[in-house]
Each structure stands twice: as structure tokens, then as C-alpha cells.
Amino acid sequence: MHYSIGIFNKIFEELYLFYVIKIELITSANKFWNLVEEHKGTIRYAEFQLVSPNFLGMNTSTNTMLKQYRDQNNNEILKVGFENQKGKLKLCTEMIEELIEYISNGCGNWKLKVLGNKKTITSETAPLTISLPKIFDENQEESQRQIQSALIQIEGIENANKKDARKNSVD
């Protein structure tokens, strides 16, 4: 069963009380780093859009920073962009690694523009998907098993994203 993220966000907007709940795609941090390596020396623009902050337990300096900005400015989303018209952006930094870890775990998205390529490369082009039962009955043991399996898969993706961030440490 596949639902558009927009549908869930619309439902949450209707239920808005004190917080904005925004669902983003869970993506592979490794995909970002592979693209950075593939296009090294030709990346002219990088944008990171972060949902502010993540309440799902991410204890990072990015989450702390976003909470401070939200408290001071009442923003729901923060966009950070870097540009070098000659394509010489350096993205293998500790700050970018943390942003990618944050984003890849469903807390935003990223965009890259490369010299010689008019099309923008985004985190949304290849989201990770996990199948859930079409009919969910909380009393059915099989439904509960499938949901538990999906949660374990999500945890594995999050752990892989953390490992990918550490693997791309600054030299």
C-alpha cells in the first residue's frame, strides 16, 4: 500500500493544535555521499531543508540548533543553501554530515545542482520504501508482526545512515 506523503501532511494540518507534524521521506545517506563523490568538483549548489525540530528522539546538535531557531523565530522549516558557481563546493564536512544524517532519517530533504546538468538532483528521487499490510487489524497477530518488522527495518535504515555519516568524516 502506497500513500503520498502529502496526504498525511494534509491530515496533520487539519489536526493542528500546538505543533506542526510533517512527514518526510526516509532516504539513504549513502546515496547522497555517492552523488557527492560522483560529481566531485562540479557541484555548484546544495540546499538542505530541515523540519524544525525532530521530536522522534534524535539527539544531535542539528536538532538542538533547530529547536533554538524555532523557539526564537517560530519557524517550522529551515533551509540552508551553499553555492559556488564554479562547482567547487566542499560538502564533506562535519556540519553537512550531520545535516544529511538528520534529513535521511525523515526530517527534511536535500537538493544538488551540478555543472552541465540542468536537472536538480534531490533526496526525493529514490526514497526507501517498506510495505505494510493493506488491511491493518491491531488484534491480528500477523498485522502486528508486519508492523514490528517495518519498525525494525526503519531502525536498521537509521543505523546505516549514522554509520554512513561517520564513514564520510572530514579528513
Side-chain angles (χ1 to χ4, degrees), residues 5-6 8-9 12-13 18-130 151-171:
I5 289 176
F8 289 108
N9 286 333
F12 288 131
E13 284 176 18
F18 300 105
Y19 294 101
V20 172
I21 299 172
K22 186 161 176 57
I23 298 174
E24 291 287 344
L25 299 173
I26 294 175
T27 58
S28 169
N30 197 36
K31 177 185 174 189
F32 175 84
W33 296 115
N34 288 342
L35 287 166
V36 167
E37 183 62 31
E38 178 183 338
H39 297 289
K40 190 174 188 177
T42 63
I43 299 171
R44 64 179 182 82
Y45 182 77
E47 179 181 289
F48 307 93
Q49 181 173 300
L50 309 155
V51 176
S52 178
N54 172 2
F55 293 103
L56 299 178
M58 288 191 78
N59 189 15
T60 64
S61 59
T62 300
N63 204 42
T64 302
M65 173 195 68
L66 290 171
K67 183 178 181 323
Q68 289 172 345
Y69 284 145
R70 191 216 49 222
D71 290 347
Q72 293 172 6
N73 305 309
N74 201 31
N75 61 298
E76 298 166 352
I77 293 174
L78 176 69
K79 288 184 184 180
V80 178
F82 301 93
E83 188 169 354
N84 180 307
Q85 289 298 317
K86 294 180 181 178
K88 304 295 183 192
L89 279 182
K90 295 181 180 181
L91 298 176
C92 292
T93 66
E94 190 175 324
M95 177 187 155
I96 301 297
E97 288 171 7
E98 194 164 308
L99 295 178
I100 291 302
E101 179 184 346
Y102 187 88
I103 288 168
S104 62
N105 287 312
C107 303
N109 58 64
W110 53 260
K111 297 177 184 178
L112 296 175
K113 292 184 181 181
V114 177
L115 290 175
N117 186 352
K118 292 183 181 184
K119 192 174 180 180
T120 301
I121 304 168
T122 73
S123 57
E124 298 173 350
T125 56
L128 300 173
T129 58
I130 296 172
L151 292 172
I152 289 169
Q153 288 178 356
I154 290 169
E155 184 177 19
I157 292 165
E158 289 174 342
N159 289 334
N161 285 337
K162 288 177 187 174
K163 188 172 101 181
D164 287 339
R166 286 191 302 270
K167 182 172 68 177
N168 290 292
S169 294
V170 181
D171 296 328

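When reading the values below, keep in mind they use all heavy atoms of this one structure, side chains included, and skip hydrogens, waters and symmetry mates. If you're wondering where the values come from, they're calculated on a predicted model, not measured in any experiment.
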If I take atom [atom1] from residue [X] and atom [atom2] from residue [Y], how far apart are they, to the nearest 0.5 angstrom?
{"X": "Arg44", "Y": "Gln85", "atom1": "CZ", "atom2": "CD", "value": "5.5 Å"}
{"X": "Asp71", "Y": "Lys67", "atom1": "CG", "atom2": "NZ", "value": "4.0 Å"}
{"X": "Ile100", "Y": "Thr93", "atom1": "CD1", "atom2": "OG1", "value": "10.0 Å"}
{"X": "Met65", "Y": "Leu50", "atom1": "CE", "atom2": "CG", "value": "6.0 Å"}
{"X": "Ile77", "Y": "Cys107", "atom1": "CD1", "atom2": "SG", "value": "12.0 Å"}
{"X": "Thr42", "Y": "Lys88", "atom1": "OG1", "atom2": "NZ", "value": "8.5 Å"}

Which heavy atom of [X] sits nearest a heavy atom of [Y], and at what distance?
{"X": "Lys31", "Y": "Thr122", "result": "NZ-O, 3.6 Å"}
{"X": "Ser123", "Y": "Thr27", "result": "O-CG2, 3.3 Å"}
{"X": "Leu91", "Y": "Ala46", "result": "CD2-CB, 4.0 Å"}
{"X": "Ser61", "Y": "Glu98", "result": "OG-OE2, 2.5 Å"}
{"X": "Gly81", "Y": "Tyr45", "result": "CA-OH, 4.4 Å"}

- request: Let me see the working for Ile96 and Phe32 under side chain to side chain contact (heavy atoms under 4.5 Å, CB included), right down to the final yes or no.
  value: CA-CA 11 Å; Ile96 301 297; Phe32 175 84; 4.1 Å; yes
message: Any side-chain to backbone donor/acceptor pair from Asn75 onto Arg70? Under 3.5 Å, distance only.
response: yes
Using distance only, find each side-chain donor-acceptor pair of residues 110-121 under 3.5 Å and give its atom names and separation, not counting sequence neighbours.
unit_1	atom_1	unit_2	atom_2	d
Asn117	OD1	Lys119	N	3.0

message: Is any side-chain heavy atom of Leu66 closer than 4.5 Å to one of Leu78?
response: yes
- prompt: Are Phe82 and Ile43 close enough that some pair of their side-chain heavy atoms sits under 4.5 Å apart?
  reply: no
